[in-house]
Amino acid sequence: MAALRRRFSSGSGSGSGSGSGPRAGSAPDFDPDFGDRPLTAARQDIVIGRWQGVRDLLHATGDNWPLRTHRLRLLSYAAAASSVVEAWRAAEPDNPDAAVLRAATEVVRVFNQAIEAGRGTEVDRTRIDVAVMACLSAADARPADPMPWVSLLTVARLYGDGVGRAELREWWEELRRRDPYNIEGHVQLLRYHSARWHGTHGRMYDFARDAAGAAPEGSPLPVLVQIARVEEYRYIAAAANGRPVRGFDQHWHHELAVTEVRRTSERWLGGRTPGPVAPEEVGELNYLAHAACYAGLPGEAREVFALLGGRAALVPWSYTGDAREQYVRWRGQVG
């Protein structure tokens, strides 16, 4: 940890409350909180400038790492355009949850700045360093929490020349010591290794397949391979700028793509503990539903749609067209 600080100082509820969810045949529900009602209430508190509901929510979430990561990520989006997290830190400077949320919020703010600047424009390194130091401070404040390390793996993409290999490995290993199968952390490192950022399609797929192969039965990590396929599609489609790409028509349903969708369905859904879908599962299940539809696997798609019960995510559907139209059309086609 001291070595990490030296570089940057010198350079610059336990329950989700989701209920049973909508019925499978109902209109798709693009609820950004994926049915997490306590989270929705806390985000509404942020809108009116209150932090107490956020504090209570994170305290109730405890060490349920998948749910906590889901909630902190969405709370940070809500807090980025307000001063609520700063007000909470001022009122309770020793509250570790406030430190973790502030770090995640700083990362969102830097990404927002990058989006405003436009693709290809580098963000000021000093501004990124500030976010990194907030993450390291949060890691000190709540040592067991994986979220500060997820935040670090997220912001790493914004350095124009990336992060040093040893440093990136250190951040990754710190995350895995706390939560070895953290899906959000894996997604962020996958994107770092993608051709859109600091790697190649090959490196991204290698990472996704290695992580999927090492995951226990019932883990959502096998869907990383389908997320990688979406990332490759985004990169190539953006480069084509609306023009058809020769040889790309088989992207979603060539033999390996189909095999990998089947494998993900078997290893994740086949080993998943029976029961309602938790809010933190909804995003990745939408990736699997999308992949199964485009791979021409109606049986697998039908199973995922039945699990989702109408809970929809804009991503990845929005990458291949109008999200609502696609969700409704494909769900109708697979029955």
Side-chain angles (χ1 to χ4, degrees), residues 66 69 146 149-240 245-271 283-292 294-295 297 300 315-316 319-320:
T69 302
W149 304 99
V150 173
S151 296
L152 281 166
L153 292 169
T154 304
V155 79
R157 300 206 305 272
L158 290 180
Y159 285 107
D161 52 356
V163 173
R165 185 173 300 177
E167 196 158 47
L168 188 67
R169 185 186 307 115
E170 174 76 11
W171 294 355
W172 174 239
E173 289 173 354
E174 291 287 354
L175 169 66
R176 297 195 73 239
R177 273 195 279 272
R178 291 158 175 80
D179 188 14
Y181 306 115
N182 185 290
I183 182 68
E184 183 64 21
H186 279 78
V187 169
Q188 295 305 325
L189 190 55
L190 179 148
R191 288 177 176 150
Y192 182 93
H193 288 312
S194 73
R196 292 182 68 236
W197 293 97
H198 301 292
T200 63
H201 299 320
R203 190 189 307 173
M204 173 182 65
Y205 277 110
D206 285 347
F207 172 78
R209 288 168 180 143
D210 287 348
E217 293 289 327
S219 166
L221 284 181
V223 83
L224 288 170
V225 181
Q226 283 69 57
I227 295 175
R229 197 161 299 285
V230 170
E231 289 296 314
E232 181 187 6
Y233 174 84
R234 291 178 67 196
Y235 180 86
I236 294 177
V245 181
R246 180 173 295 181
F248 200 54
D249 56 329
Q250 295 292 309
H251 176 74
W252 302 107
H253 51 85
H254 61 72
E255 184 177 358
L256 179 58
V258 172
T259 298
E260 289 179 326
V261 173
R262 287 196 176 111
R263 185 178 299 138
T264 294
S265 183
E266 290 167 2
R267 296 197 64 238
W268 179 11
L269 303 188
E284 282 70 38
L285 282 171
N286 271 265
Y287 270 101
L288 182 54
H290 180 275
Y294 276 87
L297 296 172
E300 284 79 358
V315 173
Y319 295 148
T320 48

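Under the side chain to side chain contact (heavy atoms under 4.5 Å, CB included) criterion, F248 pairs with Y233, I236, V245, H251, sequence neighbours left out. Not counting sequence neighbours, the partners of R203 by the side chain to side chain contact (heavy atoms under 4.5 Å, CB included) test are H193, T200.
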Problem set entry | Stepwise salt bridge (Lys or Arg N to Asp or Glu O under 4.0 Å) test for R177 and E174 | CA-CA 5 Å; R177 273 195 279 272; E174 291 287 354; 3.0 Å; yes

For this session: Show the numbers, then the answer: is there a side chain to side chain contact (heavy atoms under 4.5 Å, CB included) between Q188 and R157?
Result: CA-CA 9 Å; Q188 295 305 325; R157 300 206 305 272; 2.5 Å; yes

Problem set entry | Test log, rule side chain to side chain contact (heavy atoms under 4.5 Å, CB included), inputs W149 and D179 | CA-CA 10 Å; W149 304 99; D179 188 14; over 6 Å; no

Problem set entry | Working for side chain to side chain contact (heavy atoms under 4.5 Å, CB included), residues L269 and L288 | CA-CA 10 Å; L269 303 188; L288 182 54; 4.0 Å; yes

For this session: Go through E231 and R234 one step at a time and tell me if the salt bridge (Lys or Arg N to Asp or Glu O under 4.0 Å) criterion holds.
Result: CA-CA 5 Å; E231 289 296 314; R234 291 178 67 196; 3.3 Å; yes

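Taking CD1 of I227 as the reference point, atom CD1 of I183 lies at 5.5 Å (rounded to 0.5 Å). Interatomic distance, L190 CG to W197 CH2, rounded to the nearest 0.5 Å: 13.5 Å. Summarising the geometry, atom CZ belonging to R267 is positioned 12.0 Å from atom CD belonging to E260; distances are rounded to the nearest 0.5 Å. Note that the OH atom of Y287 and the CD atom of Q226 stand 11.0 Å from one another [nearest 0.5 Å]. Once rounded to the nearest 0.5 Å, the distance linking CD of E184 with OG1 of T154 reads 6.0 Å. For the atom pair OH of Y205 and CG of L256, the computed distance is 8.5 Å after rounding to the nearest 0.5 Å.
Of the possible donor and acceptor atoms, none in the side chain of Y235 sits under 3.5 Å from a partner among the backbone N and O of H201. A side-chain donor-acceptor contact under 3.5 Å links T264 to the backbone of P222. Side-chain atoms of R262 never come within 3.5 Å of backbone atoms of V258 as a donor-acceptor pair (strictly under, hydrogens ignored).
Among all heavy-atom pairs drawn from W172 and G185, the shortest one is CZ3-O, 4.0 Å. Nearest approach of Y181 to S219, heavy atoms of both residues: CB-OG, 4.5 Å. Among all heavy-atom pairs drawn from N286 and V315, the shortest one is CB-O, 4.3 Å. Closest heavy-atom contact between H198 and A156: NE2-O, 4.0 Å. Nearest heavy-atom pair across H186 and P180 is CE1-O, 3.2 Å. Taking each heavy atom of L221 and A215 in turn, the nearest pair found is CB-CB, 3.7 Å.
Proximity of V230 to W252: side-chain heavy atoms (C-beta onward) are separated by under 4.5 Å at one or more points. Counting heavy atoms from C-beta on, the side chains of Y319 and H290 never come closer than 4.5 Å. Within the 4.5 Å cutoff, the side chain of L168 has heavy atoms near those of the L189 side chain.
Crowding of E255 atom CD: a count of heavy atoms from other residues, nucleotides or ligands under 6.0 Å not exceeding 12.
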